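What follows is a single structure, written as structure tokens, with notes after it.
A note on names: the letters A, B, ... follow the listed sequences, proteins ahead of strands, and every chain is numbered from 1. None of these values were measured; they are calculated from a predicted model.
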There are 2 protein chains.
Amino acid sequence: MTQRQTGHSPAPAHPQPSRARPVADSARSDILAAAAVLFYARGFTAVGMDDLRTEANVSLRRLYQLFPSKDLLIEEVLGIWRDAWSSGIDAQVQAAADPRQRLLAVYDFLAGWFTSEGFRGCAFINSFGEVGGASGRITTIVREQKKHFQDYLADLATELGAPPGLAPQLAILAEGAITTAAIAASSEPARQARAAAEVLIGVALSPAARD
Amino acid sequence: MTQRQTGHSPAPAHPQPSRARPVADSARSDILAAAAVLFYARGFTAVGMDDLRTEANVSLRRLYQLFPSKDLLIEEVLGIWRDAWSSGIDAQVQAAADPRQRLLAVYDFLAGWFTSEGFRGCAFINSFGEVGGASGRITTIVREQKKHFQDYLADLATELGAPPGLAPQLAILAEGAITTAAIAASSEPARQARAAAEVLIGVALSPAARD
DNA sequence: ACATGATGAGAACGAACGTTCTCGCACTCC
DNA sequence: GGAGTGCGAGAACGTTCGTTCTCATCATGT
């Protein structure tokens with residue numbers, strides 16, 4: 001694609017506000033950013049391509065040029081959500097001092113997320129609920145994301161020297177906290193899940209309680 | 001512009017003639033049964049009124065006569081799901097011997113549900129994910145249902161003499177198990193959640209023991 | 001038996017949506 | 001300067017879907 005920079009804008013008669021066009025690539029990220037926000041807030045089907053055009057300030061032509069179909073756009077948005085989740089949680093986890101604190105930092109991250117503006121639960125769970133089995137493509141991506149999270153917790157648990165049964169339980173706690181917080185519109189589940197995680201970790205590390 | 005179709009004719013103030021015709025009132029339960037199944041399997045938006053007509057073997061006219069709009073039908077289906085959940089879980093819980101076993105029976109119920117044909121996660125969570133904040137009506141019903149489940153667990157926990165902090169943790173475990181099982185298409189989360197619940201219950205009943 | 005009113009089958013309507021097309025305009029290259 | 005190209009704005013198209021309407025049919029009451 002040819003890049004264009006308007007070196008000198010001769011200030012036309014401008015019947016309409018023909019603003020200086022930004023670099024072509026910014027449209028792509030604008031669209032993705034708008035889609036990530038709108039899809040999360042209202043779901044895939046409730047957001048039309050027209051809404052995205054309006055929110056991202058691009059023409060429909062350009063939108064379809066960059067994303068030939070809504071499905072493709074949805075898939076890219078799922079990737080954005082995955083990256084945002086990974087980097088967000090990892091930042092909080094890596095800031096913790098020891099393996100135990102790193103595991104618990106997961107629930108501290110959740111607590112902050114739950115109180116953030118526009119929190120509406122896990123985007124992947126919502127996506128799964130929305131498309132159900134209609135889109136095997138989306139289902140696969142959601143499944144991979146959850147698998148990735150479980151592996152992530154498993155690594156943290158291994159780092160702590162915990163038996164392999166712990167990580168799935170901690171993952172279940174996290175998932176349950178997310179959906180409970182979303183539906184109840186409360187951040188309390190994060191603290192409750194954290195407290196439960198502390199108990200499970202403590203018991204898992206105590207030799208007497210080994211199974 | 002006939003706005004009302006419940007014409008109160010002079011004569012026929014009596015119930016439906018259920019003799020010569022194929023039982024007239026069964027249409028209502030047929031529709032609800034079909035809607036409960038189809039909505040759960042594919043979501044609200046993916047199931048059209050035409051699909052319901054076909055599946056329930058009624059005419060469109062009759063369908064709209066019994067349920068003036070899709071939204072009203074959806075609300076009734078949510079009620080059906082609520083009753084099915086309540087009676088299903090309560091049957092398994094009441095079959096247990098003591099309070100502790102009754103709490104754990106919740107996760108046994110989940111294990112059976114997860115392996116049942118067509119399991120696709122919690123219908124309420126899926127509904128919440130699908131309509132998001134679009135329908136405050138549905139959101140309210142989902143919230144009430146989850147609140148009801150938490151209260152149910154709280155009663156069971158009280159019966160056991162456990163501190164009030166236990167029930168929310170057990171609820172989070174159950175919610176997490178449901179979504180994890182749905183996405184991973186596995187019943188393993190039920191057993192993992194049960195094991196975690198056993199630990200949490202044990203610790204909750206011996207407050208001084210741990211830590 | 002006829003009028004009445006309810007019913008089933010399905011056409012029709014109106015809105016929404018994903019996608020494509022048209023057109024005029026600005027800019028570039030020869 | 002003129003042909004070509006990429007773009008924005010938005011109309012247009014085809015489909016889907018919720019909802020209503022038409023019409024022929026049929027059971028029933030008098």
[atom1] of [X] versus [atom2] of [N]: gap in Å, rounded?
X        : N       : atom1 : atom2 : answer
Leu73(B) : dT19(D) : CG    : C1'   : 14 Å
Leu60(A) : dA12(D) : CG    : C1'   : 12 Å
Leu63(A) : dG18(C) : CG    : C1'   : 11 Å
Tyr64(B) : dA9(C)  : OH    : C1'   : 16 Å
Leu66(A) : dT19(C) : CG    : P     : 14 Å
Arg53(A) : dG8(D)  : CZ    : P     : 12 Å
Arg61(A) : dT5(D)  : CZ    : P     : 13 Å
Arg42(A) : dA16(C) : CZ    : C1'   : 13 Å

Distance check: side-chain N/O of Gln65(A) vs OP1/OP2 of dC7(D), anything under 4.0 Å?
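Affirmative; the distance criterion is met.
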Kindly say if Arg62(A) contacts the phosphate of dC7(D), meaning a side-chain N or O under 4.0 Å from OP1 or OP2.
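Looking at the OP1 and OP2 atoms of dC7(D), one of them is under 4.0 Å from a side-chain N or O of Arg62(A).
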Could you tell me which non-hydrogen atom of Arg143(A) sits nearest to which non-hydrogen atom of Ala185(B), and how far apart they are?
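Between these two residues, the closest heavy atoms are NH2-CB, 4.2 Å.
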How far apart are the closest heavy atoms of Pro189(B) and Ile172(A), and which atoms are they?
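Heavy-atom minimum between the residues: O-CD1, 3.6 Å.
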Can you confirm whether or not the ring centre of Phe149(A) sits under 6.0 Å from the ring centre of Trp85(A)?
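Close enough - the centres of the two rings lie under 6.0 Å apart.
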Close residues, residues 43-52 of chain A, relative to DNA chain D [heavy-atom separation under 4.0 Å]
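None, since no heavy atom is under 4.0 Å.
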Strictly by side chain to side chain donor-acceptor pair (under 3.5 Å), give each pair with a member in residues 173-191 of chain A just once, sequence neighbours left out.
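Sorted pair list: Lys146(A)-Glu175(A), Ser187(A)-Arg191(A), Glu188(A)-Arg191(A).
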Between Trp113(A) and Ile178(A), is any pair of side-chain heavy atoms under 4.5 Å apart?
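Touching, per the 4.5 Å side-chain cut-off.
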Point-to-point distance, once rounded to the nearest 0.5 Å, from CD1 of Ile141(B) to CH2 of Trp81(B):
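That separation rounds to 10.5 Å.
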